[in-house]
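All remarks here apply to the structure that follows.
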Amino acid sequence: QVQLVESGGGLVQAGGSLRLSCAASGRTISSYGMGWFRQATGKEREFVAAIVSSGMRTSYADSVKGRFTISRDNTKNTVYLQMNSLSPEDTAVYYCAATGRGGIWTYSQGYNYWGQGTQVTVSS
């Protein structure tokens with residue numbers, strides 16, 4: 001089993017930055033693909049970014065491309081999401097997820113483990 005705990009969310013003004021962290025425990029995630037998803041109030045959960053186990057390949061939703069960066073430090077069993085140029089449309093609960101499957105997964109059904117989420121609120 002993999003336990004995931006997100007942190008780093010909060011309230012930020014439009015144009016600001018936040019860095020989310022996802023700390024894993026229970027098992028090393030060095031062989032897991034990792035992803036970030038988000039869910040705004042009243043909307044479905046949507047893909048944000050994903051990274052393969054080695055960190056050598058990433059994928060982003062069009063809405064965050066060029067603003068967000070996913071990265072990982074397998075020595076710390078942690079995945080990050082650097083979010084820059086935030087806008088109110090980025091307001092959501094952000095979830096970290098892990099998959100034992102290889103490759104990049106952009107839909108939630110591809111992931112086995114989920115964190116509890118961290119709230120990001122961007123004020124205008």
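The first residue of the sequence shown is numbered 1, and numbering continues consecutively from there. Since the model is a prediction, treat every value here as computed from it, not as a measurement.
- Atom CD1 of Ile51 is separated from atom OG1 of Thr58 by 6.5 Å, given to the nearest 0.5 angstrom.
- The side chain to side chain contact (heavy atoms under 4.5 Å, CB included) test applied to Thr78 returns Ser21, Ala23, Lys76, Tyr80, not counting sequence neighbours.
- Residues Thr99 and Tyr113 fail the side-chain proximity criterion, which asks for heavy atoms closer than 4.5 Å.
- At least one side-chain heavy atom of Asn112 sits under 4.5 Å from a side-chain heavy atom of Arg101.
- In this structure, the separation between CG on Asn77 and OG on Ser30 is 7.5 Å, given to the nearest 0.5 Å.
- Every pair passing ring pair (Phe, Tyr, Trp, His ring centres under 6.0 Å) that includes a residue from residues 86-105 is listed here, sequence neighbours excluded: Trp105-Tyr107.
- With a 4.5 Å cut-off on side-chain heavy atoms, Met34 and Cys96 count as touching.
- Smallest separation of non-hydrogen atoms from Ala24 and Leu4: CB-CD2, 3.7 Å.
- Here the side chains of Asn74 and Thr28 are not in contact, with every heavy-atom distance at 4.5 Å or above.
- Residues Val93 and Leu20 do not share a hydrophobic cluster, clusters being chains of Ile/Leu/Val/Met/Phe/Trp/Tyr side chains in contact below 4.5 Å.
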Practice item. Could you go through the side-chain contact (heavy atoms from CB on, under 4.5 Å) check for Arg38 and Glu46 one step at a time? Key: CA-CA 5 Å; Arg38 67 186 182 186; Glu46 65 174 1; 2.6 Å; yes
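- A ring-centre distance under 6.0 Å is not found for Tyr60 and Phe47.
- In this structure Ser87 satisfies the side chain to side chain contact (heavy atoms under 4.5 Å, CB included) test together with Glu89, Asp90, sequence neighbours excluded.
- Two different hydrophobic clusters hold Tyr111 and Tyr32 under the rule that ILVMFWY side chains link at heavy-atom gaps under 4.5 Å.
- Taking CD of Gln116 as the start and OG1 of Thr118 as the end, the distance is 7.0 Å to the nearest 0.5 Å.
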Begin with the C-alpha distance, continue with both residues' side-chain angles, and end with the deciding distance and a verdict on side-chain contact (heavy atoms from CB on, under 4.5 Å) for Ser17 and Gln82. CA-CA 7 Å; Ser17 299; Gln82 177 66 44; 4.0 Å; yes
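- In this structure, CD1 on Ile29 lies 5.0 Å from CZ on Arg72, to the nearest 0.5 angstrom.
- Contact check for Ser123 versus Val12: no side-chain heavy atoms found under the 4.5 Å cut-off.
- Within the structure, salt bridge (charged side-chain N to carboxylate O under 4.0 Å, His left out) pairs that include any residue of residues 12-34 do not occur (at least two apart or interchain).
- With values rounded to the nearest 0.5 angstrom, Arg45 atom CZ is found 7.0 Å from Ser108 atom OG.
- In this structure, the side chains of Arg57 and Ile104 come closer than 4.5 Å at one or more pairs of heavy atoms.
- A 6.0 Å sphere centred on NZ of Lys65 holds more than 12 heavy atoms belonging to other residues, nucleotides or ligands.
- In this structure, the separation between CD on Glu6 and CD on Gln119 is 12.0 Å, given to the nearest 0.5 Å.
- Contact of the Glu44 side chain with the Phe37 side chain is not registered, since no non-hydrogen atoms from C-beta on lie closer than 4.5 Å.
- Counting heavy atoms from C-beta on, the side chains of Val120 and Val122 come closer than 4.5 Å.
- The ring pair (Phe, Tyr, Trp, His ring centres under 6.0 Å) analysis of residues 11-31, with sequence neighbours excluded, yields no pairs.
- Remark: Phe68 engages no residue in a ring-ring contact (aromatic ring centres under 6.0 Å, His included) (not counting sequence neighbours).
- Residues Ser53 and Ser31 share a closest heavy-atom pair of CB-C, 3.6 Å.
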